[in-house]
Each structure stands twice: as structure tokens, then as C-alpha cells.
There are 2 protein chains.
Amino acid sequence: MNTVEYLREQGLKVTPQRIAIYSMLSNTKSHPSAEDIYKELLPTNPSMSLATVYKTLDSFKSIGLIQELSVGSGKNNYDADLSSHAHIVCLDCGNIYDLEVDISNQLNNIKDKIATEKSFIISHQQITFYSVCPTCKKS
Amino acid sequence: MNTVEYLREQGLKVTPQRIAIYSMLSNTKSHPSAEDIYKELLPTNPSMSLATVYKTLDSFKSIGLIQELSVGSGKNNYDADLSSHAHIVCLDCGNIYDLEVDISNQLNNIKDKIATEKSFIISHQQITFYSVCPTCKKS
DNA sequence: TTACCTGCAAAACATTTGCAGTTCT
DNA sequence: AGAACTGCAAATGTTTTGCAGGTAA
């Protein structure tokens, strides 16, 4: 599906800033913060402001185009990958990695259990594992 | 085990502020923020400062006496319950509830999978489900 | 045209830090 | 006595907000 059309469909205007932000976010696996995005786009978009990045991320989040992560670093991180996947945060360097392990069976299992034992209907979840990444383990 | 002794064992001094903070935290299921703790203790400890609450929570965290949660509210929340349990955050009121459902089987399953498929050794994890709590669903 | 968006600057929060004085051990 | 802790105030870092001008539809 087409992101440009989806934005219009949701009543959001399509601006160069928004295209740049979404395109950067959907082409990285690094889970950048608002400031990371701002700094990376600045060379090619010199007039971009940090406030616009924040506002845009907020708009994208409310129409479900991206997801926001809180892993305890003091800042939020953003992910355009909406598939239900977990993350691994390195306790040393702070990098956030996708957990490339299929946990859908276990997750569905838990959600079924919650549905039967509790009166909560889960909307979504955030699953974060903390570890030391292979690179940091070496040094 | 005795918390007072544990603090001394870990080289931390036992002060009235620390006792008040730990005692408050271990007697609640509300997962308070630093400021929540400060405000609740202020009537009985009028000289307590917010900076001390932050410093104390940080000390407690580093000796593994409490755990810090980041659920995306913009502030950190604290929990003296160290058992490996998940949380449910209400998308409406923001309250954080313990998920009183045993997910240890599924969790061990996932960790085993990570251990065999990836070279990450998991230290700990944070599992947060988002939903609307029964109270908010009514209104 | 008009409603929405951008960029700027200021404001609002959450958290950390430095320091002088106090309190545990 | 000595090291660590507290409280205060100032500083820091992240995110939000208000507003005037600009841009997409």
C-alpha cells in the first residue's frame, strides 16, 4: 500500500518533510530517536526543524504508521516496522536490535491466556530484552 | 531477607529517607514515578527532597533492589516486585497493572529460542501490554 | 482560499549535578 | 573521623507549545 495515499486518506497533508522522515525511518533498522532523525536529515534538508520532526512523529504515531519505543534510555525511539516483533537493547552501547526470532506462537499463547483469565483486550505490546550485544562482548 | 542488612552489605548507608522510600515502594502495587513517591512521602517526611528520591531510586536500582519501568509515559516508574512479571498499561488512564497471569513457560520458551538461534544472553526483560482497563472501559 | 504545516523561540517537564552541611558507621 | 547522604538550587536533556508565515489541497 501507498504511504502517500494513506496520509491523505487520514487527513494529513503530504509535505517534503514528512516524506523525508518516513522514508528515512522505513529504510533503517537502527530505531532512531527524534534527534537522530533530525541530524541525519539535516544535510539534505537544511531547513528542517527538530520541532517538525517531533510533530510529524506524533502524527504518524496517531494514524498507526509507525510505533514508538520506550526502552529506558531517556528518549523515545521510533520504528516503521509495524510487525509484532521484540527488541534487544544492549546494556553497554544502548543499541536497539530487532529480535529476529519468531515469538508469535508464545505471544498468541499469552494473549489467549489473558483473554480467558482477565477482562483485558490487548491492543498491542512492547517486548524488550536486555543483553550485551556481540560487538560489546568482545571488548 | 532483611532489606536493612542488604543495604549495608552493599555498602549503602541506611537513612530514614531510604527506609521510607523502600517501604512505600514495597507496599504498593501502583508502580509510582519518582514524583509520585515524593508527593506521597512529603506529609510524613516534610524535609524530603525530590533529588534524594531520584538518587535513592538510582542506588536501589544499581544494587538490584528495585526495577525501573519505561512504559512510554514520559517518566520512569518503579517497582519493588522483582519477580519476572509483565505489566498492562491502560491506554486511557495510564495506570500500570501487574499482569497476574503466569507467563513463565512462554517466556522460558522464548529465551531458550534466543539462546539457540542468537548469540545473545538475556539479562532481563520488560514486557508491557497496552489495553483499556475495566474501569475506563465502563465510561 | 483555507486549513493545515513548518520553523523558530520559548516553555514545560523529567532528571541530573554540584556543593555545603549533615548524618551514618 | 571519614565517607557517604541530604537538600537546595542550578543545569541539562527531551519534548511540547504558541505563533507568524508558508504550503498543500
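Order of the sequence lines fixes the chain letters, A, B, ..., with proteins taken first and strands second; residue numbering starts at 1 for each chain. This is a predicted model, so every value here is computed, not measured.
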- Donor-acceptor under 3.5 Å (Asp79(B) side chain, Asp81(B) main chain): yes

- Message: By the 4.0 Å heavy-atom rule, please label Pro16(B) as base, sugar-phosphate, or nothing.
- Response: sugar-phosphate

- Message: Does Thr52(B) reach a base, just sugar-phosphate, or nothing at all? Heavy atoms under 4.0 Å.
- Response: base

- Task: Find which nucleotide of DNA chain C each of Leu12(A) and Arg8(B) is nearest to by heavy atoms, and output the residue with the more 5' nucleotide.
- Result: Leu12(A)

- To the nearest angstrom, how far is Asn77(B) atom CG from dC13(C) atom P? 17 Å

- Query: Looking only at side-chain N and O atoms, does Thr15(A) come under 4.0 Å of OP1 or OP2 in dC4(C)?
  - Reply: no

- Query: Just how far is it from atom CG of Leu41(A) to atom CG of Leu50(A), taken to the nearest 0.5 Å?
  - Reply: 11.0 Å

- May I ask you to say what Ser47(A) touches in the nucleic acid, namely base, sugar-phosphate or nothing, with a heavy-atom cut-off under 4.0 Å? sugar-phosphate

- Taking CG from Leu57(A) and C1' from dT6(C), how many angstroms apart are they, rounded to a whole number? 14 Å

- Can you tell me how far P of dG7(C) sits from NZ of Lys55(A), to the nearest Å? 9 Å

- Message: Does dT16(D) have OP1 or OP2 under 4.0 Å away from a side-chain N or O of Tyr54(A)?
- Response: no

- Query: dG22(D) C1' sits how many Å from Met48(A) CE, rounded?
  - Reply: 16 Å

- Cationic N near anionic O, under 4.0 Å, Lys55(B) to Asp58(B): no

- Message: Using a heavy-atom cut-off of 4.0 Å across all strands, would you classify Asp58(A) as base, sugar-phosphate, or nothing?
- Response: nothing

- Task: Take atom CG of Leu50(B) and atom P of dT15(C), then tell me their distance rounded to the nearest Å.
- Result: 9 Å

- Query: Does a side-chain N or O from Asn76(B) land closer than 4.0 Å to OP1 or OP2 of dA14(C), or not?
  - Reply: no

- Query: Lys75(B) has an atom NZ; how far is it from atom P of dT15(C), in whole Å?
  - Reply: 7 Å

- Kindly give the heavy-atom pair with the smallest separation between Arg18(B) and Lys13(B), and that separation in Å. NH1-O, 2.9 Å

- Compare every heavy atom of Leu65(B) with every heavy atom of Leu82(B), then report the nearest pair and how far apart it is. CD1-O, 3.7 Å

- Taking for each residue the nucleotide of DNA chain D with the nearest heavy atom, is it Ser49(B) or Lys13(B) whose nucleotide lies nearer the 5' end? Lys13(B)

